[in-house]
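To keep things clear, I will list the structure first and then write my remarks on it.
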Amino acid sequence: QESGARKFKQQHMDSNSRHLPNSNYCNKMMKKRKMTVDACKPVNTFVHESLTDVKAICNQRNIRCKNGQNNCHKSRSSMRVTDCRLTNGSRHPNCKYRTSPAKRQIIVACDKNRVPVHLDA
Ligand code: T3P
């Protein structure tokens with residue numbers, strides 16, 4: 001498997017946990033998924049849908065990504081997600097996050113194998 005796809009799953013997929021996580025969810029998950037190793041990643045979203053459903057977003061029409069490339073795709077339906085945002089004053093290695101559950105359409109970038117490699121919004 002290509003590293004981009006593996007990294008996407010590591011950083012953004014959490015299919016099996018229930019939605020509406022407790023307030024400690026991001027503190028635990030950002031650490032467990034290795035996003036607090038060298039620095040605290042400032043914003044990261046976990047998606048609570050099946051990998052099949054998230055991969056299927058790659059079949060939607062291409063749209064422009066924030067970086068100007070055209071390999072982004074928007075989900076047709078809204079998805080259960082949890083946004084993790086670094087709290088003000090949080091300092092590495094003590095990365096502290098606000099946990100915010102939401103339901104919305106997501107935008108992913110897909111590679112030539114049509115698998116997600118980046119979460120754009
Ligand atoms: P990655 O490329 O590993 O998917 O935009 C910079 C990073 O922030 C990018 O990481 C995706 C992540 N991000 C989210 O996870 N959720 C968001 O809502 C936004 C805006 C960014």
Side-chain angles (χ1 to χ4, degrees):
Q1 179 152 55
E2 282 185 38
S3 63
R6 194 177 61 238
K7 188 176 166 193
F8 180 90
K9 287 194 285 183
Q10 179 181 326
Q11 299 202 333
H12 298 297
M13 291 303 300
D14 188 20
S15 304
N16 291 326
S17 91
R18 62 197 185 88
H19 199 214
L20 303 184
N22 67 38
S23 61
N24 218 15
Y25 173 85
C26 287
N27 292 331
K28 288 189 296 187
M29 285 293 285
M30 292 299 288
K31 182 169 170 146
K32 181 176 171 195
R33 300 295 185 89
K34 313 274 187 234
M35 287 177 274
T36 64
V37 177
D38 300 320
C40 309
K41 187 174 181 179
V43 181
N44 189 72
T45 301
F46 290 100
V47 183
H48 310 293
E49 302 290 347
S50 69
L51 186 60
T52 302
D53 287 354
V54 175
K55 280 181 175 169
I57 301 169
C58 296
N59 298 323
Q60 298 297 323
R61 72 179 181 89
N62 285 65
I63 60 173
R64 190 180 296 272
C65 309
K66 285 174 179 166
N67 72 358
Q69 286 187 259
N70 264 312
N71 63 324
C72 277
H73 308 262
K74 187 177 193 174
S75 65
R76 257 157 55 86
S77 44
S78 54
M79 297 196 144
R80 292 166 293 177
V81 300
T82 300
D83 295 311
C84 299
R85 187 171 292 273
L86 193 64
T87 59
N88 283 332
S90 178
R91 292 288 174 267
H92 186 265
N94 289 88
C95 308
K96 293 293 176 199
Y97 290 90
R98 181 158 42 83
T99 296
S100 309
K103 265 200 104 174
R104 64 165 182 275
Q105 291 169 282
I106 63 170
I107 297 174
V108 297
C110 301
D111 71 6
K112 61 182 189 320
N113 299 317
R114 303 181 75 76
V115 294
V117 291
H118 158 77
L119 197 142
D120 209 44

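Whatever order the structure lists ligands and atoms in, that order sets their numbers, starting from 1.
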Any N/O of [X] closer than 3.5 Å to an N/O of ligand 1?
X	answer
A121	no
T45	yes
Q11	yes
K7	no

Kindly check if the number of other-residue, nucleotide or ligand heavy atoms within 6.0 Å of NZ (K41) is above 12?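 For K41, atom NZ is crowded (more than 12 foreign heavy atoms under 6.0 Å).
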
Exceeds 12 heavy-atom contacts within 6.0 angstrom, atom CG of N67: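 Counting neighbours around CG of N67, more than 12 heavy atoms of other residues, nucleotides or ligands fall under 6.0 Å, so yes.
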
Atom 8 (O) of ligand 1 - nearest protein heavy atom and its distance: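 Ranked first by proximity to atom 8 (O) of ligand 1 is V43 O, 3.4 Å.
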
Among protein heavy atoms, which sits nearest to atom 11 (C) of ligand 1, and what does the distance come to when rounded to 0.1 Å?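 Minimum-distance protein heavy atom for atom 11 (C) of ligand 1 reads L119 O, 3.1 Å.
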
Indicate the atoms forming the closest heavy-atom contact of N70 with N62, along with that distance.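 Heavy-atom minimum between the residues: O-ND2, 2.9 Å.
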
Contacting atoms of ligand 1, where contact means under 4.0 angstrom from a heavy atom of [X]:
X	answer
N44	14 (C), 15 (O)
H118	1 (P), 2 (O), 4 (O), 9 (C)
H12	1 (P), 3 (O), 4 (O), 15 (O)

Counting heavy atoms only, which of R85, K41, K66, R104 is nearest atom 20 (C) of ligand 1?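 Looking at heavy atoms only, K66 sits closest to atom 20 (C) of ligand 1.
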
Verify atom 14 (C) of ligand 1: protein non-hydrogen atom under 4.0 angstrom away: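 Protein heavy atom within 4.0 Å of atom 14 (C) of ligand 1: present.
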
What residues form a salt bridge (charged side-chain N to carboxylate O under 4.0 Å, His left out) with R104, not counting sequence neighbours?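 Result, salt bridge (charged side-chain N to carboxylate O under 4.0 Å, His left out) vs R104: D83.
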
According to the ring pair (Phe, Tyr, Trp, His ring centres under 6.0 Å) rule, which pairs have a member within residues 54-83, sequence neighbours left out?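 Matches after skipping sequence neighbours: none remain.
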
Check the pair R33, Q11 against side-chain contact (heavy atoms from CB on, under 4.5 Å), reporting the backbone distance first and the verdict last. CA-CA 6 Å; R33 300 295 185 89; Q11 299 202 333; 5.9 Å; no

Does some side-chain heavy atom of I57 sit less than 4.5 Å from a side-chain heavy atom of P116?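 P116 does not reach I57 side chain to side chain.
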
May I ask you to check whether N44 and Y97 show a side-chain donor-acceptor distance below 3.5 Å?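 On atom types as modelled, these side chains do not qualify, holding no pair under 3.5 Å.
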
